[in-house]
Number of protein chains: 2
Amino acid sequence: MRAGDRAYRTLRAEILDGSLEPGTLLQEVEQSTRLGVSRTPVREALRQLAADGLVAASGRGNVVTAVSRDDIVSLYELREALEAKAAALAAQHHDDAPFDGIRERLLDAPRLLEQGEPGLGPYFAIVDELDEAIEAAAGNPFLGAALRNVQLHSARIRRLSRHNPERLRAAAGEHLLIVEAILARDAELASHATHVHLHRSLTNALATASEAVDAATSESPADRGPKVA
Amino acid sequence: MRAGDRAYRTLRAEILDGSLEPGTLLQEVEQSTRLGVSRTPVREALRQLAADGLVAASGRGNVVTAVSRDDIVSLYELREALEAKAAALAAQHHDDAPFDGIRERLLDAPRLLEQGEPGLGPYFAIVDELDEAIEAAAGNPFLGAALRNVQLHSARIRRLSRHNPERLRAAAGEHLLIVEAILARDAELASHATHVHLHRSLTNALATASEAVDAATSESPADRGPKVA
DNA sequence: TCAGCCTTGTGTGTATACATTGAAGGTGTT
DNA sequence: AACACCTTCAATGTATACACACAAGGCTGA
């Protein structure tokens, strides 16, 4: 694989899983030595991360963007517009096969979630597969690109609700309804079920996010400036 | 300004106004000599254009992407989702001042359009200002970024309806309704009026696009491969 | 004559050297 | 003591040299 792509994927993964915290300053030379490539591919990776909105130019160098409470609300507003549309389109155009499979696996999700932490990977795999199936069924490359971008940011927020089994169980039920609406080719229901799901998700994310923000604030109240990785 | 940005803006403008036709092969060395900068900023510009979806890697070099009939439909599906949401949010959150101004100017639009070609610039300026005002009033940076991206592609399509005065007059009326819905803080009406506007726009774009595609096809039927700029 | 291989050339990928900008800190003056 | 200017340095912006990969064309052998 190209060094530029490797650098991009590595940095993106580190930002999404939180190892590179918001506010972290990413400098070209520093990252190039750390990742073992020259500045050129690192530059390329940073530009792409900037286009994704995961880093932002800040005077000197690029800093990992923060996800504020307002950002979460904004992101969910956009997700609602995009995913409701995608679900409606999927309801109109889809092939049954992939959604039948996902439906079966979602019916099994509560059992996965009883296992606690080890079941989370497989569970999120189902959700990701559903997202991909909807995107594919919608058959709209522009919508698909926009969806992938919001999912990128959603991945950063999802970590907040990882440890809320009750919410995850409810979410599985909401996903199931979306799948069944698509299978029934009921575009309006698919769209509204998506709206409901995202509304509940947002409510939960805001609740846990304020705790997380509070914790981070009390942890290092004065540390608002960029910090070096 | 940075050479990379200049290269990006130059290439983007040339793609949007059609001087770089779809299928044109953009090679780094070639463009770097043409634009008078080295390969590095050209590379940066090409990566960014690829992120925008205006060029696509194609074996050797990057080619300017084509806008197919399917693309137009897909783009309008996405626009509807985004712009309807944006109009609804704007109806809820806006300050009256900018929309009052735009409303006045839209009322004057028919007079502009009677002038033919010279009135087109001012007319499109009003439309652009409306887009910006809605984006600003929506107050959602993620939605704003997505909107700017679709507007980029829409600009390529808009050229097709430039020479249809009747359609432009109708569009001005549709825009006016959107503005008045926003001023009335009627989110649902703003959203639906946007839907109506885009539906009519799409219908017109498809009609003129098929003529344009037909013309292009009869003009150079065998010329489907990438051509050098 | 045809097929396969090799050679050559063009174009991108990466590294590095050089230019430039901008910020921070110190010093001098008011 | 405070403000402004200047110096200095570090980090980014740009250019270019080198490495590598792929494709096309020709040559050779069967």
What is the distance, rounded to the nearest whole Å, between atom [atom1] of [X] and atom [atom2] of [N]?
{"X": "B:D5", "N": "C:dT20", "atom1": "CG", "atom2": "C1'", "result": "15 Å"}
{"X": "A:L46", "N": "D:dT12", "atom1": "CG", "atom2": "C1'", "result": "11 Å"}
{"X": "B:E44", "N": "C:dT14", "atom1": "CD", "atom2": "P", "result": "16 Å"}
{"X": "A:L35", "N": "C:dA15", "atom1": "CG", "atom2": "C1'", "result": "15 Å"}
{"X": "A:R2", "N": "C:dA15", "atom1": "CZ", "atom2": "C1'", "result": "15 Å"}
{"X": "A:E28", "N": "C:dA17", "atom1": "CD", "atom2": "C1'", "result": "15 Å"}
{"X": "B:L25", "N": "C:dT12", "atom1": "CG", "atom2": "P", "result": "8 Å"}
{"X": "B:M1", "N": "C:dT21", "atom1": "CE", "atom2": "C1'", "result": "16 Å"}

Counting heavy atoms from C-beta on, name the nucleotide in [options] closest to the side chain of [X].
{"X": "A:Q27", "options": "D:dA11, C:dT12, C:dT16", "answer": "D:dA11"}
{"X": "B:R43", "options": "D:dA11, C:dT14, D:dG13", "answer": "C:dT14"}
{"X": "B:V29", "options": "D:dG13, C:dT12, C:dG13", "answer": "C:dT12"}
{"X": "A:T40", "options": "D:dA11, C:dT16, D:dG13", "answer": "C:dT16"}

Within the 3.5 Å criterion, strictly below it, is a donor on [X] or [Y] matched to an acceptor on the partner's side chain?
{"X": "B:D52", "Y": "B:Y8", "answer": "yes"}
{"X": "B:R156", "Y": "B:T65", "answer": "yes"}
{"X": "B:S74", "Y": "B:D71", "answer": "no"}
{"X": "B:D70", "Y": "B:S68", "answer": "no"}

Go through the N and O atoms of the side chain of B:R39 and the base of C:dG13, and report whether any donor-acceptor pair is under 3.5 Å.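 Answer is yes: a donor-acceptor pair is held.
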I need the A:L25 CG to A:N62 CG distance, nearest 0.5 Å.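 Answer rounded to 0.5 Å: 8.0 Å.
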Please figure out whether A:S38 or B:G61 has its closest DNA chain C nucleotide nearer the 5' end.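 Nearer the 5' end of the strand: B:G61.
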